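Keep in mind that this is a model prediction, so the values were computed, not measured. Index from 1, following the sequence.
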Amino acid sequence: MALTPSGSALIQTTRQHEKVFAGLPGYLHEAVLRAYIAGAVHRTLSEQEMRRYLAPWLGKEGQPAFYRQIAQMDDRYLDEIEPYYDAVRCPVTILWGEQDTWIPLATGRRLVDRIPGATLRVIPEASHLVPEDAPEAVVATVMSLRLS
């Protein structure tokens with residue numbers, strides 16, 4: 001997250017009701033988490049891939065930690081740093097999934113407009129987790145920047 005307002009509907013609701021979510025029965029928490037993670041990719045994750053994302057956030061410690069870190073997200077920190085984006089002097093390329101439902105493409109365009117000389121590369125058939133949906137686009141971009 002780099003610009004306000006930040007966060008999906010789940011993020012916004014969790015910020016207001018952290019303790020309720022942290023206290024969900026484990027099976028409901030896992031269902032919420034699965035839906036949340038699935039919404040971050042354009043393709044369907046395999047069970048093995050999904051488990052990789054679920055693992056840190058399950059169980060007695062993981063579940064409350066998931067909601068605690070969301071509750072700690074505060075737009076005031078983003079508002080605090082936004083005026084400094086125009087001071088960035090290094091080359092910046094931002095990759096953004098065209099199908100991102102967590103943070104819309106319009107936000108990526110706003111971000112690029114605030115960083116001098118920044119470029120935006122929109123990745124088709126990709127959502128929020130671009131490396132999961134289009135790892136080749138990430139590698140190609142890094143390699144092209146490295147060679148230029």
Are [X] and [Y] in one and the same hydrophobic cluster, where Ile, Leu, Val, Met, Phe, Trp and Tyr link if side-chain heavy atoms are under 4.5 Å apart?
X    : Y    : result
V130 : L120 : no
V122 : V139 : no
I123 : W102 : no

Charged N-O contact under 4.0 Å between R43 and E125: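 Answer for the salt bridge query: no.
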Closest heavy-atom pair and its distance - [X], [Y]:
X   : Y    : result
S46 : E49  : N-OE1, 2.7 Å
Y53 : E132 : OH-OE2, 2.7 Å
L78 : L3   : CD1-O, 3.7 Å

Side-chain heavy atoms of V112 within contact of W96, under 4.5 Å: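 They are not in side-chain contact.
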Test item: D100 side-chain N/O and I103 main-chain N/O as donor-acceptor pair under 3.5 Å: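 At least one qualifying donor-acceptor pair exists.
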Listed once per pair and sorted, the side chain to side chain donor-acceptor pair (under 3.5 Å) pairs that draw on residues 9-20, sequence neighbours left out: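 Sorted pair list: S6-R15.
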Between D133 and S127, a side-chain donor and acceptor under 3.5 Å: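 Looking only at side-chain atoms, S127 and D133 do not form any donor-acceptor pair under 3.5 Å.
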Name every donor-acceptor pair, under 3.5 Å, that has one atom in a side chain of residues 22-39 and the other anywhere in the protein, sequence neighbours excluded.
residue, atom, partner, partner atom, Å
H29, ND1, Y67, OH, 2.7
H29, NE2, W57, O, 2.7
E30, OE2, R34, NE, 3.1
E30, OE2, R34, NH2, 3.3
E30, OE2, R51, NH2, 3.2
R34, NH1, E47, OE1, 3.1
R34, NH2, E47, OE2, 2.7

